[in-house]
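Computed from heavy atoms alone, side chains included, the values below leave out hydrogens, waters and symmetry copies. Remember, it's a predicted structure, so these values are computed and weren't measured experimentally. In what follows, chains are A, B, ... by sequence order, proteins preceding strands, each numbered from 1.
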Amino acid sequence: MMETIDYSSFVPVNGQDVDFWLNVGNVSDFPDNGGLCFKHDVLQIAVFNFSSRKEWYACQNLCPHKMQMILARGMIGSQGGEPKIACPFHKKTFSLKTGECLNGDECAIVTFPVREENGEVYVGLAKMTGDVLQGSAIF
Amino acid sequence: MKIIVVGNGMVGYKFCEKIRKKENAQHCEITVYGEEHRPAYDRVHLSEYFAGKTADDLLMAPKEWYAANRINLITGELVTNIDPSKKTISTHRGTIDTYDKLILATGSSPFMPPLHGIDKMGVFAYRTIEDLQQMEDYGRTAKKAVVIGGGLLGLEAAKALLDMKLETHVVEFADRLMPRQLDVKGALILKDKLTALGLHIHTSKSTKEVLGEGKINGLSFADGSVLDCDMLVVSAGIRPRDELAKNSGISIGSRGGIEVNNKLQTNYPDIFAIGEVALHQEMIYGLVAPGYDMAEVVATVLSGDNQASFTGFDMSTKLKLIGVDVASFGDALDVEEECVPIVYENKAKGVYKRINITRDGKYLKGGILVGEADAYNMLLQITQNGLSLPEDPADLILGARGANQSASGQGVEALPDTAQICSCEGITKGGICEAIEANELTDLAGVKKVTKACTGCGGCTPMVADLLKSVLESQGKQIKKTLCEHFAYSRQELYDLIRVNDIKSYDELLGRYGEGDGCETCKPAVASLLASIWNEVILKQSTIQDTNDRFLANIQKGGSYSVVPRIPAGEITPDKLLVIAQVAKKYQLYTKITGGQRIDLFGAQLHELPAIWEELVAAGFESGHAYGKSLRTIKSCVGSTWCRFGVQDSVGFAIEIENRYKGLRSPHKLKGAVSGCIRECAEAQSKDFGIIATEKGWNLYVCGNGGARPQHALLLVGDVDKESCIRYLDRFLMFYIKTAEPLTRTATWLNKMEGGLTYLYDVVVNDVLGIGNQLEAEMETLIANYECEWKHAVENESFRKRFSHFANSEEGDPNMKFQEVRGQKMPVEWGSVV
Ligand SMILES: Cc1cc2nc3c(=O)[nH]c(=O)nc-3n(C[C@H](O)[C@H](O)[C@H](O)COP(=O)(O)OP(=O)(O)OC[C@H]3O[C@@H](n4cnc5c(N)ncnc54)[C@H](O)[C@@H]3O)c2cc1C
Ligand code: FES
């Protein structure tokens, strides 16, 4: 049987609904324009330092295409201004803002809000259940 | 409202997709019963299973999609009865379920002619993934296969068998192949072409009996002849799966199929039938596009719009996958009364084209194309839209004229906005153009995503690409051959910009010549350019490298990496072999000897890589660069040192060359070989560069290629001494690195080069461009800058830190799983990791 991680139960609807901010380390730990993967409970979160834009993004580490825990090792970039992450396996790309797949029919990935404060980086998580589950958030 | 769909095939699935898109139908509850054990898959591209697509790749949508769309999918359950008065269905498991609306999408099954012996082992149908899996298994031990049926599907099956390396025969009852689509002449040309591909075609032959004891060993025919074979695939037509409807009192046509009206309703208005099981005006449609259209009509009707109706569908088809273009469209046959055919036939080339023009010369009614079907889409459009014809209608089939101008002399611009471009999804030209404009689309992927065009059979892709081009051009946007949206330059232009301006980093290049934030296309391409030009250790700008270059190892299924130490020319001491064995045992790595004469170690986790390489580096190994677009291996045969035939020391030379070019970054991977004599045991002629010893010196071959489309290397110079050989190689490789587009192997580079080998000879040997010295000097710089990347990485703490799955934990990816196969570890299948 496949075990599934239900990312949806961690998803904030928007920044305001964050229950807690997970500290994922110092800005200097991150590569320029690259990502790292963090573990929180069973959750694997990919956090990206988009230094050329001075922005931070986070999303699930799981690529929905072939169910690979890999996105943190992907390459970030932009498509028409939209920041995106490309999976290293088959180059499926996903918006880092909305999570939507930009070059195929893969289901969207879950994105998380990120905050930087005094050189420390935090990812916003929320515990929730029930009917906020959008289709795309279920794996 | 509760809807039950019986059958989760292509059309049943499409119905679900369509109804979920209707605003007015959001409230309805949907349950789907499917007999097959997996969710609906793409039957149209079933044969691609043999080309390596997995059952998962073929799925129309993963199981999760159904859940996400609130569709209750029950697979592996056969609906056995319907009670239209109580509005219930029951299944073979005894489940009883009630419906308000029932959709029958049970498709069809292959027709198995009632031949004596048809139930023997080794006889297969060609419809489900299981059929193909069984054929594949059985085919491994078979030698000779027969396909009964020379229609669309039969030929597709025959091609699949041929690709399985079986001697393949096709037996057709009619006097010609594809009797429903082709006329006699067209079928003859097709037969010639297929015969040339290696198929054996027998027409006008009716099968009498399947021979053999339990297992098939031959076929006998009505004319008394016998054909030995050990495998049979039957493709003799389809039978609608109407048994369920029939048992439940739903009206069935006299020759099968569930009778439906223009709303696809059966004699019970709450019960609908769609897809291959539906009989509409005496017609069964054995294609997906009409089925999708039916699905759309029912979805529309159920969402409250009673205007929708299905009024029949064109049966035009283009045959795929068999290596010969064949298409028939509109009224292809039997139109002598209202039409005059115009025929073009070129037996030598194997081309046959026929178009049927109305007697007044004004309209195209249909036609046949064999051997060259580029014009299919356009001709189909002209037929379907009743477009007016050029003055001389023969122009339509006499040779193509320019890229965007299709054979008709009329480009896509000439089509009316109502022209249906993608018939699978029912999308018009107007719809596509609007979507391009409204969403400011600039590439095909975007168009596919927004409109869903090209996602069914894919036949309309060229036309959609033409449309995109014409819309962009009309907006004044030029389509230039650029790297991607971030750089308006080609690779060669960027090469020059980097060199001339002494640019050392991606960010610098992007800042000066690019825009936006880069992407997965331009980053690795520029990374490769920077490496080709400066040959600096690539770890320094790790995030612009593909993951393989970033972690100096090849990523494998499941997220583990492989470790490939360099073993120049395949020569290795027992002591070094021992080190490899020890490392493999210690870290539990799978080991395999590769085609490039070295040993790959698979299954290392990211965090283990530095420790593994530390041990290898300590024992004198260097990176094998298997992860990079760079020099891989120089293969060698034993040569004159041991071999009684050898005329030169091939191993020694191969080692020298491998060490010379190791680490060299190039537009694509590079492989070489050195053979010690004319017997060519190192297969040098299948490499990017190959050197073969002669009595007088060495022959240098270039631009060969193994892989999917093999190509022999061509002789550049003969009987030269070692030094000249290396000098020409330096120039050749440098010239390739400087001028080839990204991801272009040397063979393709040469194929596209104007002047071909003669020009290459002029540049490399005659030095007509006067750049010989420069090329050599540039190569010397690269060689001088070489440094083993792994040595660099393991000696440097900050680099080592990168090699970990989690930044906040030492452990590996807990989801990574392996299984044991043949005594070694292997990754588990795609998708079963999480
Ligand atoms: C090898 C191959 C190549 C093809 N190539 C092309 C092509 O190039 N172009 C083209 O247009 N068409 C092509 N076709 C035809 C195309 O695949 C069919 O037209 C299409 O699949 C029909 O869809 P459907 O949903 O009506 O039937 P199906 O896809 O057959 O689906 C019906 C499903 O219903 C299930 N079922 C049946 N009875 C019951 C029951 N009582 N209870 C529960 N489940 C039931 C069946 O098991 C099946 O899964 C090809 C077909 C094959 C086999
Ligand atoms: S696994 Fe991510 S693109 Fe295939």
*With a 4.5 angstrom heavy-atom cut-off, which part of A:Phe30 approaches chain B: side chain, backbone, both or neither?*
neither
_Top contributor to chain A contacts, counting heavy-atom pairs under 4.5 Å, from B:Gly446, B:Ala807, B:Cys484_ = B:Ala807
_Euclidean distance, A:Asp32 CG relative to B:Ile544 CD1, rounded to 0.5 Å_ = 11.5 Å
*Separation of A:Phe89 CZ from B:Gln556 CD (nearest 0.5 Å)*: 8.0 Å
*asked:* Counting heavy-atom pairs closer than 4.5 Å to chain B, which one of A:Gly77, A:Gly81, A:Gly74, A:Cys37 comes out on top?
replied: A:Cys37
*If you look at every heavy atom in B:Gly559 and A:Arg73, which pair is closest and at what distance?*
O-NH1, 3.2 Å
_Could you report the tightest heavy-atom contact between B:Thr543 and A:Gly34, atom names first, then the distance?_
CG2-CA, 3.5 Å
*asked:* Less than 4.5 Å to any heavy atom of chain A: does that hold for the side chain of B:Glu515, its backbone, both, or neither?
replied: neither
*Is it the side chain or the backbone of B:Leu606 that comes within 4.5 Å of chain A heavy atoms, both, or neither?*
side chain
*Using a strict 4.0 Å threshold on nitrogen-to-oxygen distance, state whether B:Glu810 and A:Lys39 make a salt bridge.*
no
*Search all heavy atoms of B:Arg550 against all heavy atoms of A:Pro31 and return the closest pair with its distance.*
NH2-CG, 4.2 Å
_Among A:Lys84, A:Met75, A:Gln79, which residue satisfies the side chain to side chain contact (heavy atoms under 4.5 Å, CB included) criterion with B:Cys519?_
A:Lys84
*salt bridge (Lys or Arg N to Asp or Glu O under 4.0 Å) with B:Lys14: which residues, sequence neighbours excluded?*
B:Glu17, B:Glu425
_Considering all heavy atoms, the nearest A:Met69-B:Asp813 contact_ = CB-OD2, 3.2 Å
*asked:* Please check: side-chain N/O of B:His486 versus main-chain N/O of A:Ser78, any donor-acceptor pairing under 3.5 Å?
replied: yes
*Nearest 0.5 Å, what's the CG-OG distance between B:Asp517 and A:Ser51?*
10.0 Å
*side-chain contact (heavy atoms from CB on, under 4.5 Å) between A:Gln68 and B:Ile555, worked out*: CA-CA 11 Å; A:Gln68 301 285 306; B:Ile555 194 165; over 6 Å; no
_Please classify the contact between B:Lys449 and chain A as side chain, backbone, both or neither, with a heavy-atom cut-off of under 4.5 Å._
side chain
*Side chain, backbone, both or neither: which part of A:Ile76 has a heavy atom under 4.5 Å from chain B?*
both
_N/O donor-acceptor pair under 3.5 Å between B:Glu485 side chain and A:Gly80 backbone_ = yes
*Look at B:Ala61, B:Gly518, B:Gly516 and state which one has the largest set of heavy-atom pairs under 4.5 Å with chain A.*
B:Gly518
*Hey, is CD on B:Glu23 packed in by over 12 heavy atoms from elsewhere, all under 6.0 Å?*
no
*Under a 4.5 Å heavy-atom cutoff, which of A:Val47, A:Ile85, A:Leu102 has the most pairs with chain B?*
A:Leu102
_Do A:Asn61 and B:His805 have side chains that approach each other closer than 4.5 Å (heavy atoms only, starting at C-beta)?_
yes
*Applying side-chain contact (heavy atoms from CB on, under 4.5 Å), run through A:Gln44 and B:Phe806 and close with a yes or a no.*
CA-CA 8 Å; A:Gln44 296 195 14; B:Phe806 293 116; 3.4 Å; yes
*State the CG-CG distance between B:Asp507 and A:Asn33, to the nearest 0.5 angstrom.*
6.0 Å
*Could you tell me which residues satisfy salt bridge (Lys or Arg N to Asp or Glu O under 4.0 Å) with A:Glu55, sequence neighbours excluded, listed by chain and number?*
A:Arg53
